[in-house]
2 protein chains.
Amino acid sequence: MKEILKERGYKATPARLAILEIFIKSKAPLAAENVYKELKRSKKNKDINEATVYRTLSLFEEGKVLTKIDFRKGSVFFELNKKHHHHITCFKCDTVEEFESTAIEKVLGGIVRNSSKFINIKEHSLELFGLCKNCVA
Amino acid sequence: MKEILKERGYKATPARLAILEIFIKSKAPLAAENVYKELKRSKKNKDINEATVYRTLSLFEEGKVLTKIDFRKGSVFFELNKKHHHHITCFKCDTVEEFESTAIEKVLGGIVRNSSKFINIKEHSLELFGLCKNCVA
DNA sequence: TTCTAAATGCAAATGACTTGCAAGTGGATT
DNA sequence: AATCCACTTGCAAGTCATTTGCATTTAGAA
């Protein structure tokens with residue numbers, strides 16, 4: 001973990017190490033509030049300030065350690081920056097499933113070719129919402 | 001316009017008519033702030049309260065007069081509810097181009113078929129971002 | 001060990017909404 | 001046309017996620 005920070009010229013502070021570890025261990029995307037509560041739960045890092053959490057999250061986003069996800073839930077979520085993918089989120093229980101799709105990337109390329117105002121797309125966000133099998137039952 | 005309101009059982013108040021008219025005339029999606037400023041610009045409706053704007057926007061969303069769009073810009077945008085489509089937004093000048101794509105809808109169907117946790121998608125949001133031809137130059 | 005730019009804690013500020021409540025008003029009814 | 005009341009609105013205060021100013025602390029290079 002210290003490597004990840006050092007590569008980017010970030011000081012390896014306890015707060016940064018703790019927050020990075022939380023993301024490495026987490027199976028799901030986390031909002032600042034989730035991270036903050038997780039820190040408070042531990043003995044060692046319970047005194048890390050909320051402002052520090054926010055500052056660390058945006059630092060990590062800038063350094064491509066994390067990526068931001070907008071689930072339209074009032075707060076912004078983050079996850080470790082890995083291969084490009086999308087999410088399906090359950091309306092009811094918030095379960096998140098990840099998926100990749102080369103088909104989507106291809107379709108997006110076609111869209112730009114038809115556009116009169118744009119030549120290429122730099123970013124896109126695609127979020128799917130539905131009810132998971134558990135919640136349907 | 002009164003028809004639109006009456007169909008949904010909404011009283012045709014000056015605020016609602018004014019806000020609806022702003023959307024009918026607008027070429028681009030608008031945030032609450034944009035609507036509010038536009039009202040202040042007019043002589044007749046300059047005294048409509050910001051809270052009323054917010055209340056009217058959510059009423060209109062509920063009644064499917066408007067749909068919400070999340071451009072990840074800190075505030076939520078709305079546009080008249082019309083045929084399902086997506087947007088490409090310019091990072092620099094915020095120009096918005098709309099597009100439809102049956103290909104995307106098909107691809108999304110395929111994704112769900114591969115999902116282990118989900119059976120169907122109820123909603124999706126797809127937002128594209130890039131530089132428009134003007135801003136590239 | 002020393003030193004300093006960078007990081008943190010704290011408290012106040014911000015921005016985008018939301019809400020409680022008293023006063024006002026469409027529009028159905030008379 | 002006057003009445004009435006559930007629905008609307010204005011206003012001010014509140015909320016929630018996030019940001020910022022500033023004084024203090026600290027990681028890590030020298």
Side-chain angles (χ1 to χ4, degrees), chain A residues 1-22 29-40 42 44-63 65-78 94, chain B residues 1-22 29-40 42 44-63 65-78 94:
Chain A
M1 295 200 314
K2 289 193 176 181
E3 260 320 298
I4 295 176
L5 301 179
K6 186 173 282 183
E7 280 170 14
R8 292 164 173 81
Y10 300 158
K11 287 189 183 174
T13 67
R16 290 172 181 176
L17 291 167
I19 292 172
L20 182 50
E21 185 170 22
I22 287 171
L30 302 170
E33 195 198 355
N34 305 134
V35 174
Y36 182 58
K37 284 185 179 162
E38 184 63 33
L39 290 172
K40 276 210 300 224
S42 80
K44 275 182 70 172
N45 302 298
K46 63 158 63 65
D47 292 326
I48 292 172
N49 195 275
E50 218 178 339
T52 300
V53 173
Y54 280 102
R55 283 190 277 233
T56 303
L57 293 179
S58 49
L59 184 78
F60 282 178
E61 197 208 350
E62 214 180 304
V65 180
L66 298 178
T67 38
K68 215 183 250 187
I69 317 167
D70 189 342
F71 289 127
R72 316 188 207 149
K73 300 216 315 189
S75 51
V76 174
F77 285 69
F78 294 86
D94 291 333
Chain B
M1 295 200 314
K2 289 194 177 181
E3 260 320 298
I4 294 176
L5 301 180
K6 185 173 283 184
E7 281 170 12
R8 291 165 175 79
Y10 300 158
K11 287 188 183 175
T13 67
R16 289 172 182 176
L17 291 167
I19 292 172
L20 182 50
E21 185 170 22
I22 287 172
L30 302 169
E33 195 198 355
N34 305 134
V35 174
Y36 182 58
K37 283 184 180 164
E38 185 62 32
L39 290 171
K40 276 209 299 224
S42 81
K44 277 182 68 174
N45 302 299
K46 62 158 63 67
D47 292 326
I48 292 172
N49 195 274
E50 216 178 338
T52 300
V53 173
Y54 281 102
R55 283 189 278 231
T56 304
L57 294 179
S58 46
L59 184 77
F60 283 178
E61 198 209 349
E62 215 181 303
V65 179
L66 299 178
T67 37
K68 215 182 252 186
I69 318 168
D70 188 342
F71 289 128
R72 315 189 209 150
K73 300 218 315 190
S75 50
V76 175
F77 285 70
F78 294 87
D94 291 334

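Worth saying up front: this structure is predicted, and the values here are computed from it rather than measured. In the text below, chain A, chain B and the rest are named by the order of the sequence lines, each starting its count at 1. Keep in mind that the numbers below use all heavy atoms, side chains included, and drop hydrogens, waters and symmetry copies.
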With rounding to the nearest 0.5 angstrom, report the [atom1] to [atom2] distance, [X] to [Y].
| X | Y | atom1 | atom2 | result |
| --- | --- | --- | --- | --- |
| A/Leu59 | A/Arg16 | CG | CZ | 5.0 Å |
| B/Phe77 | B/Asp94 | CZ | CG | 7.0 Å |
| B/Leu57 | B/Ile19 | CG | CD1 | 6.0 Å |
| A/Tyr36 | A/Ile48 | OH | CD1 | 10.0 Å |
| B/Glu7 | B/Glu3 | CD | CD | 5.5 Å |

Passing candidate, salt bridge (Lys or Arg N to Asp or Glu O under 4.0 Å) with A/Glu61, options A/Arg8, A/Arg55, A/Lys68:
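Exactly one option meets the salt bridge (Lys or Arg N to Asp or Glu O under 4.0 Å) with A/Glu61, and it is A/Lys68.
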Would A/Phe60 and A/Leu5 satisfy side-chain contact (heavy atoms from CB on, under 4.5 Å), going step by step from the backbone distance to the final call?
CA-CA 9 Å; A/Phe60 282 178; A/Leu5 301 179; 3.6 Å; yes
Using a strict heavy-atom distance below 4.0 Å, which residues from residues 50-59 of chain B are in contact with DNA chain C?
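Those residues are B/Ala51, B/Tyr54, B/Arg55.
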Could you identify which residues of residues 1-18 of chain A place a heavy atom less than 4.0 Å from some atom of DNA chain C, listed by residue number, or say none?
A/Lys11, A/Thr13, A/Ala15, A/Arg16
Whole Å only: how far is the [atom1] atom of [X] from the [atom2] atom of [N]?
| X | N | atom1 | atom2 | value |
| --- | --- | --- | --- | --- |
| B/Asp47 | C/dG24 | CG | P | 15 Å |
| B/Glu62 | D/dT8 | CD | P | 11 Å |
| A/Lys73 | C/dC17 | NZ | P | 18 Å |
| A/Ile48 | D/dT26 | CD1 | P | 13 Å |
| A/Ile19 | C/dA7 | CD1 | C1' | 12 Å |
| A/Asn34 | D/dT18 | CG | C1' | 15 Å |
| B/Arg72 | C/dA16 | CZ | P | 18 Å |

Taking 4.0 Å as the cut-off, does a side-chain nitrogen or oxygen of A/Asn49 come that near to OP1 or OP2 on C/dC10?
yes
Let me know which of B/Ile22, B/Val53, B/Asn45 forms a side-chain contact (heavy atoms from CB on, under 4.5 Å) with B/Glu38.
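Among B/Ile22, B/Val53, B/Asn45, the one that satisfies the side-chain contact (heavy atoms from CB on, under 4.5 Å) with B/Glu38 is B/Ile22.
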B/Leu17 to B/Ala12 - nearest heavy-atom pair and separation
CD1-O, 4.1 Å
